[in-house]
Peer 1: 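What follows is a structure written as C-alpha cells; I'll ask about it next.
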Number of protein chains: 2
Amino acid sequence: MTLQTKPATEPISKSRLRLWLKLLKLTSGIEATLRRRLRDNHDTTLPRFDVLSALSRYPDGLKMSDLSTYLKVSNGNVTGIVDRLTEEGLALRVASPGDRRAQVARLTPNGKAAFDALARHHEAWVDDLLTGLSADEAKTLTRLVEKALAAQEQP
Amino acid sequence: MTLQTKPATEPISKSRLRLWLKLLKLTSGIEATLRRRLRDNHDTTLPRFDVLSALSRYPDGLKMSDLSTYLKVSNGNVTGIVDRLTEEGLALRVASPGDRRAQVARLTPNGKAAFDALARHHEAWVDDLLTGLSADEAKTLTRLVEKALAAQEQP
DNA sequence: TGGTCATATTTCAAGCATAAAATTTCGTGC
DNA sequence: GCACGAAATTTTATGCTTGAAATATGACCA
C-alpha cells in the first residue's frame, strides 16, 4: 500500500495556490487580532492607525491625494477617515498655500501623542504574533517575500 | 566612514515588524489584483467567490452559522452575501430538516458552474502572481508560514 | 479674455464587515 | 403544559471601501 498525500507530478500552480491560502490565513489572522486590540484597548481602528502613521512621518502634513496614493486607497476613502480623525481632534486640514483646490492633512499634538502610544503597542503586538519565528527565520521569510514582491506585475 | 543600514543590536521586534509590513504588502497586493480581475472579468467579488467556494465543497449545503464559522466572518455578513447570491440565482436557502430555526445554504447548478469557471481562473491568477518563486522557494516559504501560524495565539 | 482640459477634492450609491439587538425556535426542567 | 435559558438567524447602526459623478480651481492656449 502506498501513502501519497500529493501526486509526484503535482503542478507547481497547486503548490503556489496552497502557499497563497496559507499566506492569507497568516496575514488575515494577524490583522484580525490587531483590529480587535485596537478596538478593545484603544477604541480605534486599523484604517485610522494607518492614516495617523502616514501623517506622523510627514510633520508638515500631506495633501489628501498624496495620502491616498501613499496608503493605496481611494480619495473618497481618505476624505472619510480624515473627517473622523478631525472630529476626534487628532488631525486637521489646512488650506494648501498656492493651490486653493488642495487640502493638507496633518496631525494635531494630540494626534501625534496618540499615534506614538499606539505605535509602541502595535510593534509589541506584531512581535508577539510572530514569536513562532526566530530572527534567522524571520530574515529568510522576509527575503522570500521580497522576492515574490519583486515579481509582481499589476494588471 | 561606516555604512550601516541597521544597528547590529537591532531588536528582533524590529525585524519582525519589517517582516509584517512586507507580508502585508504582498498579500494586499495579490488580493487587490484578484478583486480587480473578479470584478472586471467576471463581474463578481472576492466575498462572493469565497462563499461559492465554501458551498462547492459541501454539495448538500451548509447551515448559515457553519458557513460563517468556516469563513470566519460574522453571521450578519453571510446573511447579506447569500442574499445577493440568491438574487443572482447562484445559491438558495433550504429549510433545515428537524430544526426550524436553521437555514441551509447551497449552490444552484448555475452557482456550481459559475464557481468551477471562476476557480480555474483564480488558480491561474495566483500562479501568475507568485511566479517570482520557484517550486522549492514556494515550499520553503510555505513551511515558514506554517510555523508562524502554529504559534498564533488569538487573544 | 475666454475656452478647454486637467487636477484636487468631496459626494454618492452600493457592497462588505462588525457588534449588538431583536426574533424565532429548541430543549430542558418542573 | 410552561417557563426559561440557549441557539440560529436576521435586522440595525456604524464604519470602511470602491468607482463614478459632481464641484471647484488651475493651467494653458488661442
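In the text below, chain A, chain B and the rest are named by the order of the sequence lines, each starting its count at 1. Side chains are part of it too, since the values below use all heavy atoms of this structure and drop only hydrogens, waters and symmetry mates.
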Peer 1: So what does R39(A) hit on the nucleic acid, given a heavy-atom distance under 4.0 Å: a base, only sugar-phosphate, or nothing?
Peer 2: sugar-phosphate
Peer 1: Among the nucleotides dT25(D), dA8(C), dT9(D), which one has an atom lying closest to any side-chain atom of R100(A)?
Peer 2: dT25(D)
Peer 1: Is there a side-chain contact between K63(A) and the phosphate of dT9(C), meaning an N or O under 4.0 Å from OP1 or OP2?
Peer 2: no
Peer 1: Which whole-number value in Å describes the distance from L46(A) CG to dA17(C) C1'?
Peer 2: 13 Å
Peer 1: I need the CG-P distance between L71(A) and dT18(D), as an integer number of Å.
Peer 2: 10 Å
Peer 1: Output the rounded distance in Å from CD (E31(A)) to P (dC16(D)).
Peer 2: 14 Å
Peer 1: Examine the base of dA7(D) for any acceptor or donor lying under 3.5 Å from a partner atom in the side chain of R101(B), and report the outcome as yes or no.
Peer 2: yes
Peer 1: Sequence neighbours left out, what passes ring-ring contact (aromatic ring centres under 6.0 Å, His included) with F115(A)? Give chain and number order.
Peer 2: F49(A)
Peer 1: What's the CZ-P distance between R36(B) and dG19(D), to the nearest Å?
Peer 2: 9 Å
Peer 1: For residues 89-100 of chain B, please give each side-chain donor-acceptor pair under 3.5 Å, one per line with the distance, not counting sequence neighbours.
Peer 2:
from   : atom 1 : to      : atom 2 : distance (Å)
R93(B) : NH1    : D83(B)  : OD1    : 3.0
R93(B) : NH2    : T79(B)  : O      : 3.4
R93(B) : NH2    : D83(B)  : OD1    : 2.9
D99(B) : OD1    : R101(B) : N      : 3.0
D99(B) : OD1    : R101(B) : NE     : 3.1
D99(B) : OD2    : R101(B) : NH2    : 3.0

Peer 1: Are the side chain of E123(A) and the backbone N or O of R120(A) linked by a donor-acceptor pair below 3.5 Å?
Peer 2: no
Peer 1: Any carboxylate oxygen within less than 4.0 angstrom of a Lys/Arg side-chain nitrogen, looking at R84(B) and E88(B)?
Peer 2: no
Peer 1: Please state how far atom CG in L34(A) lies from atom P in dA17(C), giving the value in whole angstrom units.
Peer 2: 18 Å
Peer 1: Write down the distance between CG (L62(A)) and P (dT9(C)), rounded to a whole number of angstrom.
Peer 2: 10 Å
Peer 1: Looking at residues 75-99 of chain A, who's got a heavy atom less than 4.0 Å off DNA chain C?
Peer 2: N75(A), G76(A), T79(A), R93(A)
Peer 1: Please confirm whether the shortest side-chain N or O distance from R48(A) to OP1 or OP2 of dC16(D) is below 4.0 Å.
Peer 2: yes
Peer 1: Return no unless some side-chain N or O of S65(B) is found under 4.0 Å from OP1 or OP2 of dA7(D).
Peer 2: no
Peer 1: Rounded to whole angstrom units, what separation is found between the CG atom of D43(A) and the C1' atom of dT18(C)?
Peer 2: 14 Å
Peer 1: Closest-nucleotide mapping onto DNA chain C: is A102(A) or R35(B) further toward the 5' terminus? I mean the 5' end.
Peer 2: A102(A)
Peer 1: Starting at CG of D40(B) and ending at C1' of dA20(D), how long is that distance when rounded to a whole Å?
Peer 2: 14 Å
Peer 1: Can you establish whether the number of heavy atoms outside D136(B) located under 6.0 Å from its atom CG is more than 12?
Peer 2: no
Peer 1: Do T131(A) side-chain atoms and D127(A) backbone N/O form a donor-acceptor pair below 3.5 Å?
Peer 2: no
Peer 1: When you measure from the side chain of R16(B) to the backbone of L129(A), do you find a donor-acceptor pair of N or O atoms at a distance under 3.5 Å?
Peer 2: no
